[in-house]
Amino acid sequence: MLIFRLSLIICISCTPLCALKLPSYTLACSRNDPNLNDCVVKHGQLAIPYFINGDPKYKVPRLDPLFITELTVQQGIRQIGIELTLKNSSIYGLKNAIFKKARTNITGQHIEWDFEIPKIYIIGHYEVSGRILILPITGNGKANVTITDLKITYKYDWDYITKKNGRKYMNITTSSLEYENGRTYFQLENLFNGDKLLGENMLTFLNENWKEVTTEIGPAIGEAISEVFRLILTSIADLVPWEYIYPDI
Ligand SMILES: *[C@@H]1O[C@H](CO)[C@@H](O)[C@H](O)[C@H]1NC(C)=O
Ligand SMILES: *[C@@H]1O[C@H](CO)[C@@H](O)[C@H](O)[C@H]1NC(C)=O
Ligand SMILES: *[C@@H]1O[C@H](CO)[C@@H](O)[C@H](O)[C@H]1NC(C)=O
Ligand SMILES: *[C@@H]1O[C@H](CO)[C@@H](O)[C@H](O)[C@H]1NC(C)=O
């Protein structure tokens with residue numbers, strides 16, 4: 001189970017039925033371009049430095065750092081499971097994302113995007129209780145989780161809807177995120193209420209078994225990032241008609 005709250009400050013500068021064009025820093029790609037995928041990667045990469053600071057007009061929050069008010073991961077049942085909450089955390093590093101590949105299937109209404117991010121830091125406040133890979137763990141304090149060589153594939157499908165203004169819009173129906181990463185480093189202050197020996201042993205254990213730990217808690221973090229992608233896409237698709245996203249030129 002995942003509970004996720006993102007604090008978005010949204011300025012409504014566009015009424016529900018106005019039709020925005022893509023932001024001026026995002027060049028559209030023709031749906032008829034024989035090299036559509038190359039165009040998407042090139043234009044997408046150029047837009048990242050602009051998007052990354054947020055764009056209230058398109059309801060895009062600041063993405064680096066990306067502030068997450070609260071992220072709770074509950075896994076397994078009480079006593080043998082784990083509950084981990086991150087509060088007031090900031091994710092740094094998305095600005096260095098490299099757009100690697102796009103696979104665009106307009107007729108199949110399916111798109112896949114591959115990104116690589118050299119390094120991500122998640123800095124915030126954690127609270128944990130339960131068991132991680134069978135070992136009991138408790139604590140709350142400052143957290144610094146470093147993730148290296150992150151490879152993300154984001155996939156989504158859409159339907160078309162026609163709004164009252166007569167224009168056609170994309171409606172994202174399903175989306176998913178797959179990822180793998182090079183390494184994960186954990187720094188958690190004040191584990192076991194500040195018991196130094198237990199805390200240091202646990203950190204050594206977590207860092208030595210980073211792969212298994214990432215497998216256990218990673219999917220929830222992945223889901224949170226996926227939700228961010230979905231939110232951004234959904235708001236853009238909701239504001240910008242289909243004909244401006246992939247124009248028929
Ligand atoms: C998170 O931030 C809010 C608002 O700034 C603050 O009231 C709260 O105490 C913070 N929580 C933690 C655990 O730092
Ligand atoms: C695009 O999607 C359609 C319908 O699902 C499928 O028939 C077609 O093979 C797909 N094209 C590519 C290039 O994958
Ligand atoms: C987080 O940890 C990394 C090393 O893994 C370090 O380089 C970075 O400065 C730390 N950031 C903070 C805010 O402590
Ligand atoms: C858009 O897609 C979602 C998910 O499939 C669906 O719940 C929603 O009703 C759709 N919106 C419209 C206006 O059709």
Side-chain angles (χ1 to χ4, degrees), residues 3-9 15-19 59 61-62 64-73 83-96 108-111 117-129 138-150 154-177 181-191 193-194 199-200 202-211 213-214 218 221 223 226-227 229-242 245:
I3 303 161
F4 171 65
R5 237 175 286 149
L6 186 75
S7 76
L8 293 183
I9 297 159
T15 63
L17 294 181
C18 80
K59 303 190 203 168
R62 187 181 185 83
D64 199 344
L66 174 67
F67 186 76
I68 294 181
T69 317
E70 190 170 330
L71 171 67
T72 297
V73 182
E83 177 161 338
L84 168 71
T85 302
L86 288 174
K87 284 190 179 150
N88 295 350
S89 34
S90 296
I91 302 183
Y92 293 86
L94 293 178
K95 67 168 185 282
N96 299 318
Q109 290 163 229
H110 180 80
I111 284 180
I117 309 169
K119 227 173 224 173
I120 280 190
Y121 300 104
I122 305 173
I123 312 281
H125 185 98
Y126 78 95
E127 276 174 39
V128 69
S129 65
T138 57
N140 70 86
K142 283 192 203 159
N144 175 352
V145 178
T146 305
I147 298 168
T148 65
D149 298 317
L150 184 61
Y154 185 71
K155 305 179 179 181
Y156 61 97
D157 303 286
W158 70 91
D159 277 341
Y160 295 105
I161 52 174
T162 304
K163 293 202 193 180
K164 287 203 184 100
N165 61 7
R167 291 173 184 270
K168 201 158 120 179
Y169 291 78
M170 287 168 97
N171 183 34
I172 313 297
T173 50
T174 51
S175 61
S176 66
L177 182 129
N181 74 297
R183 259 221 68 170
T184 316
Y185 299 88
F186 302 93
Q187 276 177 33
L188 304 173
E189 283 182 15
N190 199 44
L191 275 168
N193 273 320
E200 277 168 20
M202 176 52 82
L203 275 185
T204 305
F205 174 80
L206 293 178
N207 283 301
E208 279 175 358
N209 297 283
W210 65 270
K211 204 164 211 153
V213 177
T214 307
I221 310 267
E223 235 178 279
S226 174
E227 186 59 20
F229 271 93
R230 206 188 57 77
L231 271 173
I232 296 170
L233 273 176
T234 305
S235 29
I236 292 178
D238 189 45
L239 294 167
V240 183
W242 164 247
I245 298 183

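Starting from 1, each residue takes its place in the sequence as its number. Ligands are counted one by one from 1 in listed order, and the atoms in each one are counted from 1 as well.
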Indicate yes or no for a side-chain donor-acceptor contact from Thr184 to the backbone of Trp210 under 3.5 Å, with no hydrogens or angles considered.
no
Heavy-atom protein contact below 4.0 Å for atom 14 (O) of ligand 4
yes
So, applying side-chain contact (heavy atoms from CB on, under 4.5 Å) with Leu86, which one of Ile122, Ile123, Thr72 is it?
Ile122
Flag, side chain of Lys59 to backbone of Leu231, donor-acceptor distance under 3.5 Å:
no
Looking at Asp64 and Leu94, would you say the former's side chain and the latter's main chain have a donor-acceptor pair under 3.5 Å?
yes
Is it true that a side-chain atom of Gln109 and a backbone atom of Trp158 form a donor plus acceptor pair closer than 3.5 Å?
yes
Could you tell me whether atom 7 (O) of ligand 4 has at least one protein heavy atom nearer than 4.0 Å?
no
Please state which option from Ile161, Thr162, Thr173 has its nearest heavy atom closest to atom 4 (C) of ligand 4.
Thr173
For ligand 1, find out whether one of its N or O atoms is nearer than 3.5 Å to an N or O atom of Lys87.
no
Under-4.0 Å heavy-atom contact between protein and atom 2 (O) of ligand 3:
yes
Do any N/O atoms on Asn144 end up under 3.5 angstrom from N/O atoms on ligand 3?
yes
Are the side chain of Asp157 and the backbone N or O of His110 linked by a donor-acceptor pair below 3.5 Å?
no
Please list the nearest protein heavy atom to atom 5 (O) of ligand 1 with its residue and the distance rounded to 0.1 Å.
Asn88 ND2, 4.6 Å
Looking at Thr234, is its backbone amide N or carbonyl O close enough to the side chain of Asp238 to form a donor-acceptor pair, meaning the two atoms are under 3.5 Å apart?
no
If the cut-off is 4.0 Å to any non-hydrogen atom of His125, which atoms of ligand 1 fall inside it?
13 (C)
Side-chain donor or acceptor of Tyr121 paired with backbone N/O of Ser90 under 3.5 Å:
no
Can you pull out the closest protein heavy atom to atom 12 (C) of ligand 4? Residue, atom name and distance to 0.1 Å, please.
Asn171 ND2, 3.6 Å
In ligand 3, which numbered atoms sit nearer than 4.0 Å to a non-hydrogen atom of Tyr121?
3 (C)
Numbered atoms of ligand 3 (with element) below 4.0 Å of Ile123, judged on heavy atoms
11 (N), 12 (C), 13 (C)
